[in-house]
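All figures in this text were calculated on a predicted structure; none of them were measured in a lab.
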Amino acid sequence: MSDLLLKSTLALFASLIFCISTAHAEPSRAELQEVVDQYAEKRNFSGTVLIARGGQILLESSYAEADIAWSVPNIPQAKYRIGSLSKPFLATLVMSLSQESALSLDGTLGEYLPDLYGDTPASSITVAQLLSHTSGLQDLPGNFNDPWFQTTARLTFEPRQFAAEWIKPVLLEEPGTKWRYNNAGFVLLGIIVEEVSGQSYEALLQEHIFSPAGMINSGVYSEDAVLPLLATGYARSNEGNLVQPIQVDSSIFFSAAGIYSNARDIFRFDQALYSPEILSAESRHTMLTKKTEFAYGYGWGIEQWPLGGGDLLDVFHHTGSIPGYQSFYIRSETNQDCVIILNNTNNGSVVIEMGRNLMVMLNNGVAPSVLRSLDDFLIPIAYRDGTDAMIAAINGLGKEQDGSLSEYGASERAINRLGYKFLNRERVEDAIAVLSWNTELYPESANTHDSLGEAFRAAGKTDEAIQSYERAIAIEPDSESAATALAELRLDR
């Protein structure tokens, strides 16, 4: 339900490597297909991809299996749980009710849910602040590894019951002062729309969005329903094997992350947003206008993506991540483009990288270099066979000029990130091995030596840590992090 991927997409995009493959601005279907095929081959993408421009579908392809046990392939008609990609749909529903005067964007929790939040610190939070993640409200646990998801999140709740027990009127900051991604706020929005209408959240979606847009394969997921063509969601173990994801009751996600859909239905929604069938032009403009310093409107990420040559592309987007599934929907109104990616192996980094690359490629004709992932290659070896086996695999890749290494995203940043993955998982010897390799590939980078120093320090190897930090300072004398760490280590000796 928590969607940290939304906050990291700009950083990920900046690290992508591109190569020019065509001179014209609009790539052919075959060129787009080749890129998506490479993500399936090199990065194990599983799911469905749809790319459209000007109301015409340019590509609609599916990969891998919807049910591994029965060897059932993914097909374009397959349905997926879309996680927090539900938020743009809820935001659109709220805007629809607002333009009908069924609720007000300035209405508060104290007005709409007085029994839950009247006369509390949260009573003044507005609908607009809930929509823009600026409520200041304390959120639900955001990491699926949190014990809360192993216990409470496996229980079934009615929405109001869930709010009373788990969405407390606790403020982390004054409402309207700071952007902070907040699932609890979107659960409350679902309760509010039910309260003001007297209808269920699902019935409201059907009436105001699904039916007008012609979305015949979408709804709110429930474990009780049997859904034809629903792709099974999977996770990947540290050893690299596909496994069952953690089990979380669907009532926990409700209006924050509860919708299922397929790529064609989301495309229908995209097209409906250009007409007054769902929203007036004024309401759509209000929804898709950035509300804070962070690039977010009402339920939508709002950014400008570089196309090269100083050109920027205005985009609206949202990701979605729940156990077993990952989604990414990007729309740009410049040429009425949309890219929809629905994945059933919860592979967030691949989905986001591919979505950004495809939208940019659609607008500048530049095909991305799709590289294999060092993480996918080395982490399973480390967990399955140990540090020495991983080092042997690293040595087998050779030096940077060798073709075997060039197939991977072996940038300084990528290797450093892999090292910290191990460090954060308390696999210190693995981290030292990876970060040492980074200093060999990029010996003149102060950051590689600084990072290695941190790993040595975590391992209690003080002398080696001091040497690494000294090397970092020799390269970059103004390195505050290395200087601070070095002073602390020398003081402790």
Side-chain angles (χ1 to χ4, degrees), residues 1-6 79-91 93-94 109 113 116-117 122 125 130-131 133 135 137-170 172 180-195 200-205 218-227 230-235 243-261 299 318-327 342-346 348:
M1 176 162 53
S2 175
D3 207 335
L4 297 177
L5 289 165
L6 183 67
K79 300 168 186 172
Y80 303 80
R81 298 176 67 183
I82 65 173
S84 283
L85 181 47
S86 303
K87 289 180 173 66
F89 291 92
L90 176 56
L93 172 60
V94 170
L109 285 181
L113 304 176
L116 291 173
Y117 300 103
I125 294 173
L130 295 172
L131 283 171
H133 295 300
S135 68
L137 194 66
Q138 180 175 290
D139 198 10
L140 303 166
N143 189 321
F144 290 129
N145 293 322
D146 190 290
W148 187 83
F149 280 99
Q150 309 294 331
T151 54
T152 300
R154 297 188 177 191
L155 304 177
T156 301
F157 292 89
E158 291 298 321
R160 278 181 160 274
Q161 175 199 9
F162 181 76
E165 293 189 26
W166 292 104
I167 306 180
K168 301 299 184 182
V170 176
L172 301 180
R180 189 193 298 270
Y181 193 84
N182 195 299
N183 284 296
F186 272 72
V187 172
L188 294 180
L189 285 169
I191 298 173
I192 288 172
V193 298
E194 290 190 335
E195 183 71 19
S200 71
Y201 165 59
E202 184 166 21
L204 289 166
L205 284 173
S218 303
V220 177
Y221 179 79
S222 169
E223 287 86 356
D224 296 333
V226 177
L227 296 177
L230 178 70
T232 301
Y234 298 94
V243 296
Q244 297 294 334
I246 65 169
Q247 300 302 306
V248 179
D249 193 87
S250 62
S251 65
I252 299 299
F253 298 120
F254 185 46
S255 50
I259 291 176
Y260 68 85
S261 190
H318 214 290
T319 58
S321 180
I322 59 172
Y325 300 89
Q326 180 69 48
S327 57
L342 305 177
N343 163 258
N344 66 321
T345 55
N346 205 189

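Y80 contributes atom OH, which lies 13.5 Å from atom CD1 of I322 (distance to the nearest 0.5 angstrom). Summarising the geometry, atom CG belonging to L93 is positioned 9.5 Å from atom CG belonging to L189; distances are rounded to the nearest 0.5 Å. The line from CG of L90 to CD1 of I259 is 7.5 Å long, rounded to the nearest 0.5 Å. Taking CD1 of I252 as the reference point, atom CG of L140 lies at 8.0 Å (rounded to 0.5 Å). Rounding to the nearest 0.5 Å places OG of S255 at 9.5 Å from CD1 of I192.
Listed for the Q326 side chain is no donor-acceptor partner under 3.5 Å among the backbone atoms of N344. Between the side chain of D146 and the main chain of F149, no donor-acceptor pair closer than 3.5 Å is present.
Minimum heavy-atom separation, G299 to A91: CA-CB, 3.8 Å. A pairwise comparison of heavy atoms in S86 and G258 identifies OG-N, 3.3 Å as the closest pair. Of all the heavy atoms in N145 and N143, the pair that sits closest is N-OD1, 2.8 Å. Shown here for G233 and Q244, the closest heavy-atom pair between the two residues is O-OE1, 4.3 Å. N183 and S84 make their closest contact through OD1-OG, 3.7 Å (heavy atoms, listed as atom of the first residue, atom of the second, distance). A pairwise comparison of heavy atoms in P245 and G324 identifies CB-N, 3.7 Å as the closest pair.
The side-chain contact (heavy atoms from CB on, under 4.5 Å) check on V220 picks up Y201, E202, L205, with sequence neighbours excluded. For Y325, there are no ring pair (Phe, Tyr, Trp, His ring centres under 6.0 Å) partners, not counting sequence neighbours. Not counting sequence neighbours, S200 has no partner by the side chain to side chain donor-acceptor pair (under 3.5 Å) test. Residues passing the side-chain contact (heavy atoms from CB on, under 4.5 Å) test with T156, sequence neighbours excluded: D249, S251. Not counting sequence neighbours, Y221 has no partner by the ring pair (Phe, Tyr, Trp, His ring centres under 6.0 Å) test. For the ring pair (Phe, Tyr, Trp, His ring centres under 6.0 Å) test, no residue two or more places apart in sequence or in another chain qualifies with Y234. By the side chain to side chain donor-acceptor pair (under 3.5 Å) test, S135 pairs with no residue at all, sequence neighbours left out. Here S250 pairs with E223 under the side chain to side chain donor-acceptor pair (under 3.5 Å) rule; sequence neighbours left out. With sequence neighbours left out, L155 forms a side-chain contact (heavy atoms from CB on, under 4.5 Å) with F157. Listed by chain and number, the residues in a side chain to side chain donor-acceptor pair (under 3.5 Å) with S261 are S218 (sequence neighbours excluded).
Between R154 and V248 there is no side-chain heavy-atom pair separated by less than 4.5 Å. Side-chain contact between F253 and R81: present, with at least one pair of heavy atoms (C-beta onward) separated by less than 4.5 Å. A heavy-atom distance below 4.5 Å is not found between the side chains of V94 and L130. Contact check for T319 versus S327: no side-chain heavy atoms found under the 4.5 Å cut-off. Annotation: side chain of L113 is in contact with side chain of I191 (closest heavy-atom distance under 4.5 Å). Inter-residue side-chain proximity for P159 and V187 is flagged as unmet; no heavy-atom pair is nearer than 4.5 Å. Residues F144 and I246 meet the side-chain proximity criterion, which asks for heavy atoms closer than 4.5 Å. The shortest distance between side-chain heavy atoms of N182 and L137 falls below 4.5 Å.
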Contacts under 3.5 angstrom, residues 162-169 side chains, donor-acceptor by atom type, not counting sequence neighbours:
from	atom 1	to	atom 2	distance (Å)
E165	OE2	Q161	NE2	3.4
K168	NZ	A164	O	3.0
K168	NZ	E165	O	3.4

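Residues in residues 181-195 take part in these salt bridge (Lys or Arg N to Asp or Glu O under 4.0 Å) pairs, two or more places apart or across chains: R160-E195.
Taking the centre and axis of the six-membered ring of F186, the NZ or CZ atom of K87 falls inside the cone set by 45° and 6.0 Å.
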